[in-house]
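From a predicted model like this one, the values you see are computed outputs, not experimental measurements. In this chain, residues are counted from 1 in sequence order.
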Amino acid sequence: MSERGALRTRLDQLAREVAKFGTVGALGLVVNIAVSNLLWRTTDLQVVRAGLLATFIAILFNYVGFRYWTYRDRDKTGRTRELTLFLLFSGVGAVIENGVLYVATYGFGWDTPLQSNVFKILGIGIATLFRFWSYRTWVFKALPAPEPTEPAEPAPAAEEEVLEGFLKQERRSERASRVEEESARR
């Protein structure tokens, strides 16, 4: 396959991955916003605490979507490691996401329902960039490329180098034998 064809294939795979990630993320966004609004309107929880709780419910929803749909073809051998890293990076994303909401609410006093939703969505957008990078890089690692079943024929230059190295080694062992014989004669 040409370099151009390989690049095209990689870009197609990346586009599919981004589309699947975006689909799961959009559904997670709906869960996050719905739970946030439900908690804001039906409980006495503070805005950021309710937002944080909604974020963690969305994180659980997203893990299932990412593991069993977006990244189902990725390595599944280290589930404990995967889940630990997922929760760690999701926690960092939650800090980013709710940090924006915190600054807007307590730093600027923007705490109307509309403002809370706007800053919640802005925080989710910023955190999503971090999560996409961290999940695909560290959590759902790609399987290694399969190795070819038949070894490739060495290039003629490589054969010459191997033969030359073998001959040098043979010459060294001949010299070593002569030195041993001369030492034995003395």
Output a table of donor-acceptor pairs, distance under 3.5 Å, between side-chain atoms of residues 100-114 and any protein atom two or more places apart or on a different chain; print 'none' if there are none.
residue	atom	partner	partner atom	Å
T105	OG1	L101	O	2.8
T112	OG1	Q115	N	3.2
T112	OG1	Q115	OE1	3.2

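Scanning all heavy atoms of the two residues, the minimum distance from S36 to G51 falls at OG-CA, 4.0 Å. For A127 against G93, the heavy-atom pair with the smallest separation is CB-O, 3.3 Å. The two residues A54 and L39 have their closest heavy-atom pair at N-CD1, 4.5 Å. Counting all heavy atoms, side chain and backbone alike, R81 lies closest to W138 at NH2-O, 2.7 Å. Of all heavy-atom pairs between F56 and A94, the closest is CZ-CB, 4.1 Å.
Around atom CH2 of W69, more than 12 heavy atoms belonging to other residues, nucleotides or ligands sit under 6.0 Å away.
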Would you sort out whether K20 and F66 count as a side chain to side chain contact (heavy atoms under 4.5 Å, CB included), showing the intermediate values? CA-CA 8 Å; K20 287 180 175 182; F66 291 143; over 6 Å; no
Residue pair L14, R10: steps toward the side chain to side chain contact (heavy atoms under 4.5 Å, CB included) verdict: CA-CA 6 Å; L14 181 62; R10 289 192 61 183; over 6 Å; no
Using the side chain to side chain contact (heavy atoms under 4.5 Å, CB included) rule, take E82 and R67 through it: C-alpha gap first, then chi angles, then the decisive distance, then the call. CA-CA 10 Å; E82 175 185 285; R67 167 44 45 218; 2.6 Å; yes
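Taking CG from L52 and CD1 from I57, the interatomic distance works out to 10.5 Å, rounded to the nearest 0.5 Å. Rounded to the nearest 0.5 Å, atoms CD (E17) and CG (D73) are 8.5 Å apart. Between the CG atom in N117 and the CD1 atom in I124 there is a gap of 9.0 Å [rounded to 0.5 Å].
For R8, the side-chain contact (heavy atoms from CB on, under 4.5 Å) criterion is met by D12, not counting sequence neighbours. F130 meets the side-chain contact (heavy atoms from CB on, under 4.5 Å) test with F89, V92, I96, W133, S134; sequence neighbours excluded. With sequence neighbours left out, the side-chain contact (heavy atoms from CB on, under 4.5 Å) criterion links V64 to Y68.
By the rule that hydrophobic residues join a cluster once side-chain heavy atoms approach within less than 4.5 Å of another member, F132 and Y135 end up as members of one cluster. Under a hydrophobic-cluster definition in which Ile, Leu, Val, Met, Phe, Trp and Tyr are linked whenever side-chain heavy atoms come within less than 4.5 Å, directly or via other members, L87 and F140 are assigned to the same cluster. Using a 4.5 Å cut-off between side-chain heavy atoms of Ile, Leu, Val, Met, Phe, Trp and Tyr, with links allowed through other members, L60 and V31 fall into different hydrophobic clusters. Neither L53 nor V47 shares a network with the other; the hydrophobic side chains, linked directly or stepwise wherever heavy atoms of I, L, V, M, F, W or Y lie under 4.5 Å apart, form separate groups for each. Note: the hydrophobic cluster containing F61 does not contain L85 (ILVMFWY, side chain heavy atoms under 4.5 Å, direct or indirect links).
No side-chain donor-acceptor contact under 3.5 Å links S90 and Y63.
Under the 4.5 Å side-chain criterion, counting only non-hydrogen atoms from C-beta, I33 is in contact with I121. Looking only at side-chain heavy atoms (C-beta outward), V139 and Y71 stay at 4.5 Å or farther from each other. Between I59 and F86, the closest side-chain pair of non-hydrogen atoms falls below 4.5 Å. For the pair R136 and F21, the minimum side-chain heavy-atom distance is 4.5 Å or more.
Residue pairs meeting the side-chain hydrogen bond (donor to acceptor under 3.5 Å, both in side chains) criterion with at least one partner in residues 53-62, sequence neighbours excluded, are T55-E97, T55-N98, T55-K120. Among pairs with a residue in residues 41-50, those fulfilling side-chain hydrogen bond (donor to acceptor under 3.5 Å, both in side chains) read N37-R41, at least two apart in sequence or across chains.
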